[in-house]
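This is a predicted model, so every value here is computed, not measured. Just so we're on the same page: letters track the sequence lines, and every chain starts at 1.
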Number of protein chains: 2
Amino acid sequence: MAKTSTRKLPPGRLKIARALKTLLGKKDFNSITTAEIAKTAGVTEGLIYKYFNDKRDLLFKVLLELFEQFLLQMEKDLKGVEGALNKLRSIIQSTLFWYDQQRVFTRILLVEVRNSPDFFKSDAYQQCVRDYSKIIMDIIHEGIDLDEIRKDIKPSVIRQVIQGSVEHVCLPAIIFNREIAVETATEDLCCTIFFGIQR
Amino acid sequence: MAKTSTRKLPPGRLKIARALKTLLGKKDFNSITTAEIAKTAGVTEGLIYKYFNDKRDLLFKVLLELFEQFLLQMEKDLKGVEGALNKLRSIIQSTLFWYDQQRVFTRILLVEVRNSPDFFKSDAYQQCVRDYSKIIMDIIHEGIDLDEIRKDIKPSVIRQVIQGSVEHVCLPAIIFNREIAVETATEDLCCTIFFGIQR
DNA sequence: CATATTAAGTAAGTGTCACTCACCCATTTC
DNA sequence: GAAATGGGTGAGTGACACTTACTTAATATG
């Protein structure tokens with residue numbers, strides 16, 4: 001398993017990653033300079049390019065690391081939950097909670113990486129994003145098999161609706177620095193997605 | 001009304017905007033240089049800054065122009081449609097169709113502008129994006145009043161689910177250059193959102 | 001145990017790019 | 001006919017992402 005361990009990595013690398021995370025709490029990625037990252041990390045600019053292909057690659061690696069933590073937490077939350085719909089609710093809640101707590105992670109994922117074509121070749125996308133989607137897909141299939149979820153909608157559409165809704169609820173909160181009302185948002189979303197909007 | 005008319009604008013300005021649109025068909029915004037834009041437009045680099053505050057502002061103005069066309073088309077499609085749910089279906093279909101046809105527009109809106117904080121101060125956001133949201137909100141309220149749509153879900157959540165779902169369906173198509181199956185996607189989305197996923 | 005090898009980290013660049021500034025040249029306006 | 005206005009130019013500049021050649025420290029090897 002290609003786990004990104006925190007151990008064994010050189011201190012400079014860790015300091016650089018930590019520096020970017022810190023800076024992303026204050027300003028957007030584009031207006032952060034490599035000089036600034038190096039200074040915050042307490043290393044020289046050149047060292048960044050020892051460990052990362054370029055500035056964006058550093059961003060992807062930071063996202064990867066945070067995403068792995070998120071997936072771990074999500075699967076922990078999922079343990080012991082019975083029923084496909086309950087599992088989907090659990091995922092929605094875990095996601096909203098994590099997005100609210102880990103603002104830097106969410107900002108990277110929802111706004112900073114989308115525009116780099118390279119992102120979709122990165123480990124963060126190829127491993128984590130796809131993993132996340134797959135977990136949801138598996139639950140949907142399970143729900144269909146066990147007659148909890150309608151058979152006449154394409155599972156992929158159900159997944160898109162769930163993921164799209166969650167992201168769209170969080171986006172304004174992330175951009176305008178508002179908090180996410182995790183509990184109520186979870187209920188609102190589940191209520192809407194599970195039962196539909198028609199009277 | 002602060003309409004962005006195509007008339008009366010100096011030819012250089014039009015050529016610059018057209019050049020960016022052309023280039024965005026081939027590569028992402030970040031890897032397009034101002035020199036390239038100027039060359040494609042057949043003007044000098046300096047002229048860009050006569051008409052636009054900076055490179056990103058040019059992007060926002062191009063988006064504004066395309067968005068206004070989209071809103072016009074959408075409202076035309078909406079004419080004569082009766083019933084809130086039918087109106088929502090019409091909007092979803094118009095959006096999917098436009099997103100599929102106007103790839104450059106969609107790429108700008110869904111992937112290129114999100115990461116600039118300035119975008120949310122731009123006319124494209126303040127006028128068009130909010131206008132689009134408002135049109136949907138009004139229909140939802142109408143649907144609730146006329147007992148077509150459930151009263152027990154917050155209208156804003158319904159809007160988020162609709163917009164989020166549509167965008168999430170289109171995003172992979174835009175990024176990986178796949179076509180959008182407008183008709184089937186419309187039905188799939190409406191079916192899911194109107195009636196829910198629960199058996 | 002000396003030496004070769006690799007890895008961590010540095011320091012001084014360099015080319016490119018977004019953006020600026022001073023300046024034309026043609027109309028229009030008074 | 002001078003002044004003002006608006007479209008357009010082209011040379012320049014600072015900042016920034018990234019490179020390259022080098023130093024030092026740790027590790028492995030004959």
Side-chain angles (χ1 to χ4, degrees), chain A residues 4-24 26-63 65 108 112-113 115-119 121-122, chain B residues 4-24 26-63 65 108 112-113 115-119 121-122:
Chain A
T4 308
S5 174
T6 315
R7 260 184 289 273
K8 280 283 285 183
L9 292 175
R13 207 196 124 119
L14 290 169
K15 283 194 279 182
I16 291 166
R18 203 164 342 114
L20 178 60
K21 277 184 249 173
T22 306
L23 290 168
L24 278 171
K26 300 174 204 157
K27 46 164 83 176
D28 64 305
F29 181 69
N30 273 335
S31 37
I32 296 170
T33 67
T34 49
E36 213 172 348
I37 296 169
K39 197 182 167 193
T40 309
V43 299
T44 53
E45 226 175 316
L47 193 63
I48 296 173
Y49 298 90
K50 266 270 148 62
Y51 300 121
F52 308 98
N53 300 326
D54 55 27
K55 198 186 151 195
R56 309 203 80 90
D57 182 49
L58 163 59
L59 183 69
F60 303 154
K61 297 267 168 68
V62 165
L63 177 62
E65 189 194 309
I108 301 176
E112 297 288 12
V113 296
N115 64 332
S116 350
D118 278 354
F119 167 65
K121 298 174 200 153
S122 76
Chain B
T4 307
S5 173
T6 315
R7 260 184 290 271
K8 279 283 285 183
L9 292 175
R13 208 196 123 118
L14 291 169
K15 283 193 279 181
I16 291 165
R18 205 168 335 118
L20 179 59
K21 277 184 249 175
T22 307
L23 290 168
L24 278 170
K26 299 174 204 157
K27 46 163 83 175
D28 65 306
F29 181 70
N30 272 335
S31 37
I32 295 171
T33 67
T34 50
E36 213 172 349
I37 296 169
K39 197 182 168 194
T40 309
V43 299
T44 54
E45 228 176 314
L47 194 63
I48 296 172
Y49 298 90
K50 266 271 148 59
Y51 299 120
F52 308 98
N53 300 326
D54 54 27
K55 197 187 153 195
R56 307 204 80 90
D57 182 49
L58 163 58
L59 183 69
F60 302 154
K61 297 268 168 68
V62 165
L63 177 62
E65 189 194 309
I108 301 176
E112 298 288 12
V113 296
N115 63 332
S116 352
D118 278 354
F119 168 65
K121 299 175 201 153
S122 75

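- Annotation: side chain of A/K50 is in contact with side chain of A/L47 (closest heavy-atom distance under 4.5 Å).
- For the OP1/OP2 pair of C/dT20 and a distance below 4.0 Å, the side-chain nitrogens and oxygens of B/Y49 include no atom meeting the criterion.
- Between chain A and DNA chain D, the heavy-atom contact criterion of under 4.0 Å yields a 5' to 3' nucleotide range of D/dC16 to D/dT19.
- Atoms CG (A/N30) and P (C/dC17) sit 16 Å apart, rounded to a whole Å.
- Taking the side chain as every heavy atom from C-beta outward, B/N115 and B/R56 approach each other to under 4.5 Å.
- For the side chain to side chain contact (heavy atoms under 4.5 Å, CB included) test with B/F119, the passing option among B/I108, B/L63, B/L59 is B/L63; the others fail.
- For the pair A/I48 CD1 and C/dA8 C1', the interatomic distance rounds to 15 Å; values are reported in whole Å.
- Heavy atoms of B/I32 sit under 4.0 angstrom from primed sugar atoms or phosphate atoms, though from no base atom.
- The side chain to side chain contact (heavy atoms under 4.5 Å, CB included) test with B/I32 is passed by exactly one of B/T22, B/T40, B/I37: B/I37.
- Within residues 37-45 of chain B, the residues that have a heavy atom under 4.0 Å from DNA chain C are, in order of number, B/E45.
- Atom CD1 of B/I48 is separated from atom CG of B/D57 by 11.5 Å, given to the nearest 0.5 angstrom.
- Rounded to a whole Å, the CD1 atom of A/I16 is 11 Å from the P atom of C/dA8.
- A search for salt bridge (Lys or Arg N to Asp or Glu O under 4.0 Å) contacts involving B/K121 returns B/D118, not counting sequence neighbours.
- For the atom pair NZ (A/K27) and CD (A/E36), the distance works out to 3.5 Å, reported to the nearest 0.5 Å.
- Atom NZ of B/K50 and atom C1' of C/dA18 are 17 Å apart (whole Å).
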Would you please test B/F52 and B/I16 for side-chain contact (heavy atoms from CB on, under 4.5 Å) and show each step? CA-CA 10 Å; B/F52 308 98; B/I16 291 165; 3.8 Å; yes

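- In this structure, B/L20 and B/F29 have side chains that are in contact, with non-hydrogen atoms separated by less than 4.5 Å.
- What separates CZ of A/F52 from P of C/dG9 is a distance of 12 Å, to the nearest Å.
- Within the nucleic acid shown, A/Y51 comes within 4.0 Å of sugar-phosphate atoms alone, with no base atom in reach, counting heavy atoms only.
- In this structure, B/G46 reaches the bases: a heavy-atom distance under 4.0 Å links it to at least one base atom across the strands shown.
- If you check every strand for non-hydrogen atoms under 4.0 Å, B/T34 touches a base.
- To the nearest angstrom, C1' of C/dA18 lies 12 Å from CZ of B/R56.
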